[in-house]
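These notes concern the structure reproduced below.
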Amino acid sequence: MADLEAAGQLVLVEDRLIELAHSDRSKTPIEPYLADQWFIRMDELAEPALEAVRSGKLKIVPERYAKSYLDWLSEKRDWPVSRQLWWGHRIPIWHISGVREAALAAAFAGRTSVAWQPDGTARDDDGGGGWFVCTSDETLGVDTIDGQPIVQDSDVLDTWFSSALWPHSTLGWPEQTAELATFYPGSALLTSRDIITLWVARMVIMGVFDTGVLPFREVYIHPKILDRYGETMSKSKGNGVDPLDVIEALGADALRFGMTTLATETQDVRMPVEFQCPACEARIEQTVQNRIQPRIECPKCKKPFKTQWAQTDTDLALPRGPALSERFEAGRNFSNKLWNATRFVLMNLEDFQAGDLAGAGNRFEALEDRWLASRLASVTAEVNRCTDEYRFADAARALYAFTWDEFCSAYLELCKSRLGDPATRDQARAMLLLALDTILRLLHPIMPFLTEEIWQHLGEVAPNRRLPWDRGEAPAASIMVARWPEPPLAWVDRRTEEQFGTFLAVVGAIREIRSRQNVPPKTKLTVQIRAPLSTAELLAPMRGSIESMAGASLGVVGPDATGAPGAATAAAAGCDLFVDLADLIDVGAEIARLKKDHEKLVAMIAAKRVKLGDETFAARAPANVVEKEREQLVEMEDRLVKGMTTLAELAARKPG
RNA sequence: GGGCGGCUAGCUCAGUUGGUUAGAGCGCUACGUUCACACCGUAGAGGUCACAGGUUCGAAUCCUGUGCCGCCCA
């Protein structure tokens, strides 16, 4: 500064704030310090690791992470491996001063694993110098040479150096063990994105260098879980979830299922954390303030509980409030759902003899059986596809939706009446067994404990069951070694699924009317369904099912069905449903609803007309898209007219 | 400074190659304990898809820019 001033070059002196890095652990500023360190030259080592990914021999999923791997390795920056710590692998380098090379050669004569080179210090007067000595053996075996002490470097290797050895050293390398022969290389490495360069790249480098073989063929990078504020979870911040707490409160399968549904292709997932009051089970949002307190008072029951920070004897004596997340509750609820569905199946399976389901494919006569078989085949294919592509969340979602919404809500309900009829009872039971067994196998990787438990119960009730994919063998003693299900794709039947969809839509429409009009569940509704002949034929065999699932009795189902003037109406799957509610109907509510519908329809019809009137749309959009739009317009206009008729009828009926 | 990702319902997230009225779980509202399940059932409300341009007959989706959030590297 003085020089600048003297030279007349100093313009201004001012105070500036400088970003100063702080140590995460000690919270003290990090000061630069120049020191000699050991480096590993990377140019030759990096090349095979780069080639492995470029050529596709090593696949990184999701693909975008290959970029950070390649970018980083391409720089081929030398790796500083020495650390001034008290733990770790000591660097296999020794120092000696004041000796000539001849003395080293004599001391290590015959040892090919020892190498040395000058350490760069100046020579002594008598020709002796400083040397680095290196060996791949554990020790040098000598303490002095020519009276000079030989001392091992006090530095240890970077933790990632040791970690890079993990795939092969854990299997006994450098010995050629049976474990190494069997388990090396592995198939897939699952890890977090922040250590792709630190760990994954180093394992590849080290694995190839030491064994000549890539340590794994695929790398799956999973998302990282952050708290509700987007911060990385850590014990020292106190913002984490303890898996043991989750297991204790919600179950091990809830934890695993929850983790699986979080495993999407995204980079981060957020997990809001809540304390659970041990006294009243109220949930208390974890905040930046309360997460570092030794005790928290429950705002609901006012009783205090301790956290991981409890220190004093009084705090330590308090009951502990576990840290949980609502994101595991769906898994807990799902476990419960599956357990109860199982109870229902087992209850109905007692004294069931026909356990051989190997020829199940020949017996799908009822619509719902064809549908269930079709769905089993589709869902299995979907789960296979998802797991092959590391889309674990999609697999979990598919199984959750199928089990809950289709197997439990639809199929089990339909079975209830069939189970009471001796003519259909055994077929329904066989189908329940087939479906539950298949669901268990598909779910097992995601919910291992519950599925095993149920598997054992199933084994007691139906020990002789044979599924088509069991190849004539009895069910395995444990689901862990049971065959993966293989429902044939020939079971997939799109027309049946469509048909079944129509059925469900009709049931839904009746339920909607009931709910809209506040009709108690026990009151039977009488429903007329105006449907095209084809749809009516299709619904005919499901008549009883519609009645039982919707709590209704069906009148006319066909093109000529009509409702009394002012009947409550609903549309579904190309049908119009009429429920005459003369004594029950809330006319005002119905009119209000229809008016709202009407406004919405008018707006949508207007938009459609503009679209279809646009010449360029007709000219440039694909024919099927234009056709679809036309059909929708017709359908909407039809609904508009019907709505207006009903409105007029209701208005005439409304008292006053 | 470079790179990667995110911004969709109150919350946490899905949304395949652009094409019905954008979905799920939790939460919320109403009704309901009919013998698998209230950790449940039925129905419902709730979204200008961060913002601004552009491409296109058509954009949550493709392109450009901006803002905010996060991570890796320097």
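Side chains included, hydrogens not; waters and symmetry mates left out as well; all remaining heavy atoms used. In what follows, chains carry the letters A, B, and so on, assigned in the order in which the sequence lines appear, proteins first and then strands, with residues in each chain numbered from 1.
At G5(B), none of the side-chain N or O atoms of Lys224(A) fall inside 4.0 Å of OP1 or OP2 (strictly under the cut-off). Residue Trp404(A) has a polar side-chain atom (N or O) positioned under 4.0 Å from OP1 or OP2 of G41(B). Contact check, Lys337(A) against G41(B): a side-chain N or O comes under 4.0 Å of OP1 or OP2.
Contact check on Asp426(A) versus Arg418(A) returns no salt bridge, with no Lys/Arg side-chain nitrogen under 4.0 Å from an Asp/Glu carboxylate oxygen. Of the charged side-chain nitrogens involved, at least one lies within less than 4.0 Å of a carboxylate oxygen, so that Glu637(A) and Arg609(A) count as a salt-bridged pair.
Among residue pairs with one or both ends in residues 245-262 of chain A, those qualifying as side chain to side chain donor-acceptor pair (under 3.5 Å) are Asp245(A)-Arg320(A); sequence neighbours excluded.
Between the CZ atom of Phe334(A) and the P atom of A38(B) there is a distance of 17 Å, rounded to whole Å. Distance Trp72(A) CH2 to C4(B) P: 18 Å, rounded to the nearest Å. Glu274(A) has its CD atom 11 Å from the C1' atom of G27(B), to the nearest Å. Counting to the nearest Å, the P atom of G41(B) and the CG atom of Leu412(A) are 12 Å from each other. Rounded to an integer number of Å, the gap from CD1 of Ile513(A) to C1' of U42(B) is 14 Å. Atom-to-atom, CZ of Phe407(A) to P of A36(B) comes out at 14 Å; the value is rounded to the nearest Å. In this structure, Asp227(A) places its CG atom 11 Å from P of C71(B), rounding to the nearest Å. Residue Leu226(A) contributes atom CG, which lies 11 Å from atom C1' of C69(B) at whole-angstrom precision.
Residues Tyr220(A) and Phe392(A) bring their aromatic ring centres within 6.0 Å.
Here the separation of C68(B) from C62(B), taken at their C1' atoms, is 23 Å to the nearest Å. Taking atom P in both A36(B) and G41(B), one finds a spacing of 14 Å when rounded to whole Å. Between the C1' atoms of A52(B) and A59(B), the separation comes to 15 Å (whole Å). Nucleotides A43(B) and G5(B) are separated by 40 Å at their P atoms, to the nearest Å. Rounded to the nearest Å, the gap between the P atom of U61(B) and that of U17(B) is 13 Å. Look at the P atom in both G70(B) and C31(B): the space between them is 44 Å, to the nearest Å. Taking the P atom of each, G27(B) and U20(B) are spaced 31 Å apart, rounded to whole Å. Comparing G3(B) with U64(B), their P atoms sit 13 Å apart, to the nearest whole Å.
Remark: U64(B) base-pairs with A52(B). Criterion, Watson-Crick or G-U wobble with two distances under 3.5 Å. Base pairing annotation: C4(B) forms a Watson-Crick or G-U wobble pair with G70(B), both donor-acceptor distances under 3.5 Å. Base pairing of G46(B) is not made with any nucleotide, judged by Watson-Crick or G-U wobble geometry with both donor-acceptor distances under 3.5 Å. Both distances falling under 3.5 Å, in either a Watson-Crick or a G-U wobble arrangement, place G25(B) opposite C11(B). Both distances falling under 3.5 Å, in either a Watson-Crick or a G-U wobble arrangement, place C31(B) opposite G41(B).
Closest to the side chain of Ser409(A), from the set G44(B), U42(B), C40(B), is U42(B).
Of the residues in residues 338-349 of chain A, those lying under 4.0 Å from RNA chain B by heavy-atom distance are Asn340(A), Ala341(A), Arg343(A), Phe344(A), Met347(A). Of all the residues in residues 191-201 of chain A, Arg193(A), Asp194(A) reach under 4.0 Å from RNA chain B with at least one non-hydrogen atom.
For Arg77(A) and Tyr65(A), each mapped to the nucleotide of RNA chain B holding its nearest heavy atom, the one lying further toward the 5' end belongs to Tyr65(A).
Scanning both residues, Ala552(A) and Val527(A), for their nearest heavy atoms gives CB-CG2, 3.8 Å. Between Ala49(A) and Tyr69(A), the shortest heavy-atom distance links the atoms O-OH, 2.9 Å. Across Met203(A) and Ser163(A), no two heavy atoms sit closer than the pair CG-O, 3.9 Å.
Of the possible polar contacts, none joining the Arg375(A) side chain to the Glu497(A) backbone as a donor-acceptor pair under 3.5 Å is found. Arg291(A) places no side-chain N or O within 3.5 Å of a backbone atom of Gln286(A) that could act as its donor or acceptor partner. Side chain of Arg514(A) to backbone of Gly551(A): a donor-acceptor contact under 3.5 angstrom is found.
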(message) Applying side chain to side chain contact (heavy atoms under 4.5 Å, CB included) to Arg332(A) and Phe257(A), what does each step give before you reach the verdict?
(response) CA-CA 9 Å; Arg332(A) 187 268 312 262; Phe257(A) 182 85; over 6 Å; no
(request) Could you run through nucleotides 12-24 of chain B and give me one letter per nucleotide, 5' to 3': B if any protein heavy atom sits under 4.0 Å from the base, S if only the sugar-phosphate is that close, - if neither? (result) SSS----BBB---
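For Arg64(A) against C4(B), no side-chain N or O and base N or O form a donor-acceptor pair under 3.5 Å.
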List, one per line, each side-chain donor-acceptor pair under 3.5 Å for residues 59-67 of chain A, sequence neighbours excluded.
{"unit_1": "Arg64(A)", "atom_1": "NH2", "unit_2": "Glu265(A)", "atom_2": "O", "d": "3.1"}
{"unit_1": "Lys67(A)", "atom_1": "NZ", "unit_2": "Asp71(A)", "atom_2": "OD2", "d": "3.2"}

Solution key, residues 338-346 of chain A side-chain donor-acceptor pairs under 3.5 Å, sequence neighbours excluded:
{"unit_1": "Asn340(A)", "atom_1": "OD1", "unit_2": "Arg343(A)", "atom_2": "NH1", "d": "2.7"}
{"unit_1": "Asn340(A)", "atom_1": "ND2", "unit_2": "Asn336(A)", "atom_2": "O", "d": "3.0"}
{"unit_1": "Asn340(A)", "atom_1": "ND2", "unit_2": "Asn336(A)", "atom_2": "OD1", "d": "3.2"}
{"unit_1": "Thr342(A)", "atom_1": "OG1", "unit_2": "Leu338(A)", "atom_2": "O", "d": "2.7"}

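For the atom pair CE of Met447(A) and CZ of Phe334(A), the computed distance is 6.0 Å after rounding to the nearest 0.5 Å.
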